[in-house]
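Only heavy atoms go into these numbers, but all of them, side chains included; no hydrogens, no water, no symmetry mates. We're numbering straight along the sequence, starting at 1.
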Amino acid sequence: MFFHKQELQHASTPDKPDAVYARKLQEVLGGQYGEITVAMQYGFQSWNAHMPGKYRDLLFGIGAEEFGHVEMLATMIAQLLKDAPIGATDDAVQSDPTVAAIVGGTDVQHAIVAGAGARPVDSNGNPWTAGYVTASGNLMADFHANANAEMQGRVQVARLYHMTDDAGVRDLLAFLLARDTMHQNQWLRAIEELKADGLEELPVPSNFPQEKEHTEHSYEYLNFSDGAKAADGPWAKGPTPDGNGEFSYHDGPTSSAPMPPPTRPDTRLYGTTALPNVAEKAAGAAKDALHRE
């Protein structure tokens, strides 16, 4: 069960209202790598975990913390919107608050929809979507996705840190940066623990028999660019990270195949083909007469 306790993990209060910055903070709340995403991602990964123990408990614990971070950012956004002017000060636009808000860079829906509160959207007002969530049931794949989410989120929070001189806002961001640092390290360590426990390896999924793939292509670097310097990297020669092969470099593909003939859909789907129109009509009528669905 979830139980809400009415206190925050870290207390921060902005020095002054700032509706424009509140809109920027929406990105790390409701954007692709925002707190809503990681809270839901770790939540669904824990609910989809196939075994009890340390890995599921890790997901439960960090996921619950991230729900708290959602609340912290929503609270900060509401504080930034409190008493913030809804428009710019220029008389030319002040007569129309909506126009003024757009010119000033604020999110008009903060006022119109949320009544000076946070919304589950990114900084451009795009609604948060469950499509951001990765929860595959494979912990090796998921933990890599989690490390990436924490890295991308920390990049965005670090950028936001330099977009304000408000000490209260920076205090909150400094705390979130520290937690992102911790979570990055936790997921990277959890990846190594999966290997040490003999549960997962690379390539993911490691229990799919590699002999069923075209192994002659498994470790070929096929360079589809005219930049030749990529051949100098360790991804083009030497042992592979999974320990199962050696990289080889090829300037372009090592094989090719002729294009198959064009497909010809059911005539009743009305795709344009090389058949004369009259023939298409006749074929459709015949199929209807034979009840061929």
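The aromatic rings of Y55 and F143 are tilted relative to each other, their planes meeting at an angle between 30° and 60°. The aromatic rings of F44 and W47 sit perpendicular, their planes meeting at an angle over 60°, well past the 30° parallel limit.
Within the 4.5 Å cutoff, the side chain of L25 has heavy atoms near those of the L173 side chain. With a 4.5 Å cut-off on side-chain heavy atoms, N126 and V121 do not count as touching. For the pair D122 and E27, the minimum side-chain heavy-atom distance is below 4.5 Å. Counting only heavy atoms from C-beta outward, the side chains of E193 and L58 never approach each other to under 4.5 Å. In this structure, the side chains of P265 and T273 come closer than 4.5 Å at one or more pairs of heavy atoms. Looking only at side-chain heavy atoms (C-beta outward), H250 and H217 stay at 4.5 Å or farther from each other.
Contact detail for L172 and H10: the closest heavy-atom pair is CA-CD2, 4.4 Å. Here the closest heavy-atom approach between residue D15 and residue A167 is recorded as OD2-N, 2.9 Å. Minimum heavy-atom separation, R23 to D107: CD-N, 3.9 Å. Minimum interatomic distance between A39 and V70 (heavy atoms only, all atoms of both residues): CB-CG2, 4.4 Å. Residues A145 and T134 approach most closely at CB-CG2, 3.9 Å, considering heavy atoms.
The closest donor-acceptor contact from the side chain of E280 to the backbone of T267 lies at 3.5 Å or more, if one exists at all. A donor-acceptor pair is defined here as one N or O able to donate and one able to accept, closer than 3.5 Å; no such pair exists between the side chain of T13 and the backbone of G168. No side-chain donor-acceptor contact under 3.5 Å links W187 to the backbone of N148. No donor-acceptor distance shorter than 3.5 angstrom exists from the side chain of K24 to the backbone of S123, with no hydrogens or angles considered.
Remark: N185 engages no residue in a side-chain hydrogen bond (donor to acceptor under 3.5 Å, both in side chains) (not counting sequence neighbours). For the side-chain hydrogen bond (donor to acceptor under 3.5 Å, both in side chains) test, residues two or more places apart in sequence or in another chain that qualify with R119 are Q109.
Residue E211 qualifies as enclosed at atom CD: its count of foreign heavy atoms under 6.0 Å is above 12. Other residues, nucleotides and ligands contribute at most 12 non-hydrogen atoms within 6.0 Å of the NZ atom of K281. In this structure, K195 places its NZ atom where more than 12 heavy-atom neighbours from other residues, nucleotides or ligands lie under 6.0 Å away. By the 6.0 Å contact criterion, NE2 on H214 is open, its count of non-hydrogen atoms from other residues, nucleotides or ligands being 12 or less. Residue R189 qualifies as open at atom CZ: its count of foreign heavy atoms under 6.0 Å is 12 or below.
Residues Q210 and N244 have side chains that bring a donor and an acceptor to within less than 3.5 angstrom of each other. Counted by atom type alone, N138 and S136 present zero donor-acceptor pairs between their side chains at under 3.5 Å. At a cut-off of 3.5 Å, with distance as the only test, no side-chain donor of E201 or S206 sits close to an acceptor on the other residue. For the residue pair T181 and R154, a side-chain donor N or O sits within less than 3.5 Å of a side-chain acceptor on the partner. For the residue pair N146/H183, the side-chain donor-acceptor check at 3.5 Å is not satisfied.
Hydrophobic clustering (side-chain heavy atoms under 4.5 Å, transitive across Ile, Leu, Val, Met, Phe, Trp, Tyr) groups M40 together with L29. L177 and Y33 fall into different hydrophobic clusters, defined by Ile, Leu, Val, Met, Phe, Trp and Tyr side-chain heavy atoms under 4.5 Å apart, directly or through other members. Residues L176 and M151 do not share a hydrophobic cluster, clusters being chains of Ile/Leu/Val/Met/Phe/Trp/Tyr side chains in contact below 4.5 Å. Linking Ile, Leu, Val, Met, Phe, Trp and Tyr whenever their side-chain heavy atoms come within less than 4.5 Å leaves M72 and V38 in two separate clusters. Under a hydrophobic clustering in which Ile, Leu, Val, Met, Phe, Trp and Tyr are joined whenever their side-chain heavy atoms come within less than 4.5 Å, directly or via other members, I191 and I62 fall into the same cluster.
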Residues M51, L139; criterion side chain to side chain contact (heavy atoms under 4.5 Å, CB included); working and verdict: CA-CA 11 Å; M51 59 182 183; L139 293 182; 4.2 Å; yes
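Distance check: F175 CZ to D180 CG gives 10.0 Å after rounding to the nearest 0.5 Å.
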